[in-house]
Trainee: 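Okay, handing you the structure first.
Here the structure is a predicted model, which is why all the values come from computation and not from measurement.
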Amino acid sequence: QVRLVESGGGSVQTGGSLRLSCGATGDTYIRRCMGWFRQAPGQEREGVAAIDTITGAVYYADSVKGRFTISQEKPKNTIYLQINTLKPDDTAVYYCGADPNLYGCNSASWSRAAQYKYWGKGTQVTVSV
């Protein structure tokens, strides 16, 4: 079993920055691929970034490349999402997910929410003009 807890969301103005955190507990072998997703009201959950916690390989959605950075701190079992130059379109609930695939992330499927079995409750990010 895996438990994920997100934190770090908040209300910021356009151009601001936030760092989201996701603390993980539980079996490490079933949370090798960790991803950040976001969901705005009335929209589907969208994958924005993922990290293979063993190889360190990272993956990003084209829409966030250059502004979002995913990283990990292994001793703390925590992954981070640094978000810079925030825009109103970034407003959403941000979720951390764990894909139980033993082989880790892959470029074809990392952004599919259906791949992830474990989810946190999310943290709200609101960007005002």
Trainee: Quick one: pull up OH in Tyr118 and CD in Gln1 and give me the separation to the nearest 0.5 Å.
Mentor: 5.0 Å
Trainee: Can you measure from OG1 (Thr126) to CG (Asp90) and round to the nearest 0.5 angstrom?
Mentor: 11.0 Å
Trainee: Once rounded to the nearest 0.5 Å, what's the spacing between atom OG of Ser21 and atom CD of Glu6?
Mentor: 10.0 Å
Trainee: Has the side chain of Asp27 got a donor or acceptor atom that lies under 3.5 Å from a matching backbone atom of Ile30?
Mentor: no
Trainee: Which residue in the set Val125, Leu81, Val64 passes side-chain contact (heavy atoms from CB on, under 4.5 Å) when paired with Arg38?
Mentor: Val64
Trainee: Can you list, by chain and residue number, the hydrophobic cluster partners of Tyr116 when the side-chain cut-off is 4.5 Å?
Mentor: Phe37, Tyr59, Val93, Tyr95, Trp110, Trp119
Trainee: According to the side chain to side chain donor-acceptor pair (under 3.5 Å) rule, which pairs have a member within residues 78-87, sequence neighbours left out?
Mentor: Ser17-Asn84, Glu73-Tyr80, Gln82-Asn84
Trainee: I'd like to know if Lys117 pairs up with Asp99 as an ion pair, taking the criterion as any Lys NZ or Arg NE/NH1/NH2 lying under 4.0 Å from an Asp or Glu carboxylate oxygen.
Mentor: no
Trainee: Is a donor on one side and an acceptor on the other found under 3.5 Å between the side chain of Thr123 and the backbone of Gly9?
Mentor: yes
Trainee: I'd like to know if the side chain of Lys74 and the backbone of Thr53 have a donor-acceptor N/O pair within less than 3.5 Å.
Mentor: yes
Trainee: Under a 3.5 Å distance rule, please check whether Arg31 uses its side chain to pair with a backbone N or O of Pro100 as donor and acceptor.
Mentor: no
Trainee: Are Ile51 and Ile79 packed together at the side-chain level, in the sense that at least one heavy-atom pair is separated by less than 4.5 angstrom?
Mentor: yes
